[in-house]
Amino acid sequence: MSAPPATAVAWATADPYSAALRAGHGPLFLRRADGWLLPLEVERWCARADAVDRDVLDRCEGAVLDVGCGPGRLVAELAARGRAVLGIDVSAAAVDHTVRMGGQALRRSVFEPLPGEGRWDTVLLMDGNIGIGGDPRALLDRVAGLLRPGGLLIAETAPVDIDERAQVRVVGLTDARGADDSFPWARLGTPALLRHARGWPRAGQWTADGRRFAALRTRSRRTASSSAEPPKRTAVISSQRARNTSAGRPVPDR
């Protein structure tokens, strides 16, 4: 597999991001080359899963891979429910925080080899992570390779109708470094995501507390459910340690 994109390298070494996660608060921003700032919700990310998050997690099926898990609130919540879940993030601070929260996580880019490829039941791209790599179609293709046939992708989209690609940096209010640590990022509203997701059957879209979400499925050899409803059964593991709970389940080993 090809090397991870510049996004992974730059984000992993973005000191303001690591410092904010360790402190549990911002201010922190994505800054475009023209100076425009996108605030990052560090406090919410470092807290426990809220009601909107929990509703999303109710819709997850089987074993879950949280791509760009950040400080791990979603991984920790699913683990507390006894669900098979793994977070991945390129930031060491994010992975450390996830583990402290009670979840499992690997320091890895989504574009690197991952455990259980082609066997995950659900992939999460929350908190705008549909922007990872700056190429939504390439990211969707990669996610399709991680999911089982008929698997579920739940993505959090921008709260406005936008389809933007830009070079950005992670900055604090007083950051004064040069532009050599910029990386490609994308911002997509739900309509844009659906345009890029050609060949993905739609499984629902919804808005909650100002946040927007879309659910898609990979193609299946049999007809998949048409909506991302909370599953009646969940995959249960007896401990936080990953193991293969049934044939065909991903094994989130290191």
Side-chain angles (χ1 to χ4, degrees), residues 4-50 52-53 56 66-75 87-98 100-101 105 107 109-111 124-136 138-139 155-190 192-193 207-214:
T7 305
V9 177
W11 192 280
T13 57
D15 290 338
Y17 180 68
S18 298
L21 292 194
R22 292 187 177 108
H25 60 82
L28 195 68
F29 308 88
L30 287 183
R31 185 168 74 188
R32 291 190 316 218
D34 62 5
W36 180 85
L37 296 174
L38 175 68
L40 300 178
E41 299 182 76
V42 178
E43 290 84 356
R44 181 171 64 81
W45 297 350
C46 289
R48 293 287 175 177
D50 61 20
V52 177
D53 296 328
V56 170
D66 186 0
V67 173
C69 66
R73 72 189 192 282
L74 305 178
V75 177
I88 60 167
D89 204 287
V90 296
S91 164
V95 170
D96 290 345
H97 197 285
T98 300
R100 289 198 302 272
M101 291 272 284
R107 186 181 182 187
S109 163
V110 65
F111 295 102
L124 293 174
L125 287 171
M126 295 281 280
D127 303 320
N129 282 334
I130 189 64
I132 290 172
D135 185 340
L139 180 59
E156 183 170 356
T157 57
V160 294
D161 187 2
I162 191 171
D163 189 352
E164 175 187 80
R165 248 61 91 234
Q167 287 290 125
V168 299
R169 298 171 55 216
V170 179
V171 299
L173 283 178
T174 60
D175 185 75
R177 289 179 297 165
D180 59 343
D181 57 351
S182 66
F183 55 90
W185 195 257
R187 291 181 69 218
L188 300 183
T190 298
L193 171 60
T207 300
D209 197 24
R211 296 165 63 189
R212 296 185 181 180
F213 305 90

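The OG1 atom of T157 sits 11.5 Å away from the CG atom of L125 when rounded to the nearest 0.5 Å. Interatomic distance, L28 CG to L38 CG, rounded to the nearest 0.5 Å: 10.0 Å. Expressed to the nearest 0.5 Å, how far CG of L193 lies from CZ of R212 amounts to 13.0 Å. Distance check: I88 CD1 to R107 CZ gives 13.0 Å after rounding to the nearest 0.5 Å.
Side chains of Q167 and P184 form a contact here, defined as non-hydrogen atoms less than 4.5 Å apart. At least one side-chain heavy atom of L188 sits under 4.5 Å from a side-chain heavy atom of R165. Annotation: side chain of F183 is in contact with side chain of L30 (closest heavy-atom distance under 4.5 Å). Under the 4.5 Å side-chain criterion, counting only non-hydrogen atoms from C-beta, F213 is not in contact with T207. Within the 4.5 Å cutoff, no side-chain heavy atoms of T98 are placed close to those of D89. The shortest distance between side-chain heavy atoms of P39 and P27 does not fall below 4.5 Å.
The shortest heavy-atom contact between P71 and M101 is O-CG, 3.8 Å. Scanning both residues, H97 and L21, for their nearest heavy atoms gives CD2-O, 3.9 Å. Shortest non-hydrogen contact noted between V42 and G26 is CB-N, 3.9 Å. Between G172 and P16 the shortest heavy-atom distance is N-CB, 4.0 Å. For the residue pair A94 and Y17, the shortest heavy atom distance occurs at CB-OH, 4.3 Å. For the pair A105 and V95, the tightest heavy-atom approach, listed with the atom from each and the gap, is O-CG1, 3.8 Å.
Between the E156 side chain and the N129 main chain, no donor and acceptor come within less than 3.5 Å of each other. Checked by atom type and distance alone, the side chain of R73 never pairs as donor or acceptor with a backbone atom of C46 at under 3.5 Å. The backbone N or O of V168 sits nowhere less than 3.5 Å from a side-chain atom of R32 that would complete a donor-acceptor pair.
Using a cutoff of 4.0 Å between basic side-chain nitrogens and carboxylate oxygens, R211 and D53 are scored as salt-bridged. Checked for salt-bridge contact, R44 and D127 meet the test: a charged N lies under 4.0 Å from a carboxylate O.
The side chain to side chain contact (heavy atoms under 4.5 Å, CB included) with V67 is formed by just one residue from the set V110, I130, L124; it is V110.
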